[in-house]
**Student:** 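Please read through the structure below; I'll follow up with questions.
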Protein chains: 2
Amino acid sequence: MTAQQTAATWRDFEPMQLGPILGNALDAFHENGFHGTTVRDLARRVGVTVPALYYHHENKEAMLVALLESAVRNLIDRCRAAVTEGGDDPVLRFSYFYEAVVLNMTHRARPSALDSEVRHLSPENRRGYAAVRKELELMLLDLIRDGADRGVFDVDDIPETVRALLGMGQSIARWYQIDGPLTPDEVADRYTAIALRVVGHPTTS
Amino acid sequence: MTAQQTAATWRDFEPMQLGPILGNALDAFHENGFHGTTVRDLARRVGVTVPALYYHHENKEAMLVALLESAVRNLIDRCRAAVTEGGDDPVLRFSYFYEAVVLNMTHRARPSALDSEVRHLSPENRRGYAAVRKELELMLLDLIRDGADRGVFDVDDIPETVRALLGMGQSIARWYQIDGPLTPDEVADRYTAIALRVVGHPTTS
């Protein structure tokens with residue numbers, strides 16, 4: 001999951017390779033929330049003893065941090081590959097970036113939805129996660145600024161637009177279901193068109 | 001909190017009148033999550049016995065439902081008053097609606113953020129909450145359709161635009177802090193401008 005994404009693969013989502021402990025932690029946090037999951041529950045799910053669990057992860061919060069950070073690092077890798085594929089075209093770079101975000105929120109809805117548990121992290125871990133995620137925000141900030149500088153985007157408040165676009169993307173993970181009526185590609189198409197409107201570059205309808 | 005909002009008051013946010021049980025439940029769910037809160041914790045916070053708590057609310061989930069529904073009903077009342085104040089102007093009606101949403105997500109960030117606990121409800125309660133919230137979606141759908149019919153908005157996919165706009169608004173409750181750098185009015189101004197772009201009616205910058 002942490003392997004670098006190449007331009008050819010940022011649209012592909014293989015099954016995640018989380019391993020038994022983090023895989024079960026993801027299931028448990030999804031079903032019962034972070035605070036509703038005990039280390040004992042986790043050990044039972046994994047089929048190991050509690051001490052064996054602590055051998056691999058310092059505590060339950062460390063597992064949540066590992067899941068959150070691996071999810072956001074994977075997303076950042078995809079976004080970087082997407083931007084690279086966009087070459088020197090600011091509209092394409094932005095569109096591919098946002099497509100990568102939306103594909104991630106649909107194909108990886110469960111780990112992405114863990115973002116709502118961030119507020120339960122300790123201040124230190126919250127800062128650490130925010131620092132990793134900051135890279136995603138800065139990438140989008142640069143893409144919008146570049147498009148504005150080159151006259152293809154028209155944006156009033158770039159930092160707030162970044163936050164709004166990432167919030168809009170993040171919200172998809174809350175409702176998306178892979179067996180629902182929309183494929184990830186369909187959601188990505190629609191949301192990318194909306195994102196282009198937000199940056200003042202509407203596609204022709 | 002469930003009183004009808006008049007056109008004069010939809011921008012005003014008085015302290016919520018939740019009562020001791022739901023007020024403490026909101027604090028506890030916010031701090032520890034729904035699954036991380038026990039009825040025993042709640043009784044201790046309120047200063048009553050567990051049976052006394054059950055006298056008022058069937059169970060812990062019923063308290064979450066009451067909080068969620070009162071929050072969304074209050075939001076719907078505000079939005080209705082906002083739309084009324086917009087009179088017959090489709091742009092104003094839409095702008096006031098979205099302003100009401102954003103003001104709610106900032107002034108009432110904590111109850112609004114409870115929305116992320118909806119997935120822990122039973123299917124029946126989830127359907128019930130979705131039915132209440134549906135009214136908000138339908139209001140926004142009508143506003144956008146009306147603006148499109150009257151030629152002031154230009155939208156490709158109205159239902160998806162509704163979902164994206166509400167998701168963008170909902171995401172504010174996740175990061176907004178009342179003692180932070182932005183006032184609710186500032187956030188509302190910026191997000192309403194972004195929302196107008198999304199429906200193809202950008203304000204002049």
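Chain identifiers are assigned alphabetically (A, B, ...) following the order of the sequence lines, protein sequences preceding nucleic acid strands; residue numbering begins at 1 within each chain. Small disclaimer: the values here were computed from a predicted structure and weren't measured.
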**Student:** Atom CG in Leu114(B), atom OG in Ser116(A): separation rounded to 0.5 Å?
**Tutor:** 11.5 Å

**Student:** Please look at Glu160(B) and chain A and tell me whether the side chain, the backbone, both or neither of the residue comes under 4.5 angstrom of a heavy atom of that chain.
**Tutor:** both

**Student:** Rounded at 0.5 Å granularity, tell me how far CG in Asp157(B) sits from CD1 in Ile194(A).
**Tutor:** 7.0 Å

**Student:** Check each atom of Arg119(B) against the heavy atoms of chain A and say whether the ones under 4.5 Å are side chain, backbone, both or neither.
**Tutor:** side chain

**Student:** Within this structure, what is the CD1-OG distance for the pair Ile172(B) and Ser171(A), rounded to the nearest 0.5 Å?
**Tutor:** 11.0 Å

**Student:** Atom CG of Leu166(B) and atom CH2 of Trp175(A): how far apart are they, to the nearest 0.5 Å?
**Tutor:** 12.5 Å

**Student:** Is it the case that more than 12 heavy atoms not belonging to Arg150(B) sit under 6.0 Å from its CZ atom?
**Tutor:** yes

**Student:** Looking only at heavy atoms and a cut-off of under 4.5 Å, which of Ala195(A), Ala113(A), Gly167(A) has the most pairs with chain B?
**Tutor:** Gly167(A)

**Student:** Can you tell me if CD on Glu58(B) sees more than 12 non-hydrogen neighbours from other groups inside 6.0 Å?
**Tutor:** no

**Student:** Do Arg197(B) and Asp154(A) have side chains that get closer than 4.5 Å, going by heavy atoms?
**Tutor:** yes

**Student:** Taking side chain as everything from C-beta outward and backbone as N, CA, C, O, which of these in Val199(B) sits under 4.5 Å from a heavy atom of chain A? Side chain, backbone, both or neither.
**Tutor:** backbone

**Student:** Would you call Glu117(A) and Arg174(B) a salt bridge, using N to O less than 4.0 angstrom?
**Tutor:** no

**Student:** Can you name the one residue among Met168(A), Arg163(A), Gln170(A) that meets side chain to side chain contact (heavy atoms under 4.5 Å, CB included) with Met168(B)?
**Tutor:** Met168(A)

**Student:** Side chain, backbone, both or neither: which part of Asn32(B) has a non-hydrogen atom closer than 4.5 Å to chain A?
**Tutor:** both

**Student:** Side chain, backbone, both or neither: which part of Leu182(A) has a heavy atom under 4.5 Å from chain B?
**Tutor:** side chain

**Student:** Could you pull out the closest heavy-atom pair between His120(B) and Glu31(A), with the gap in Å?
**Tutor:** ND1-O, 3.3 Å

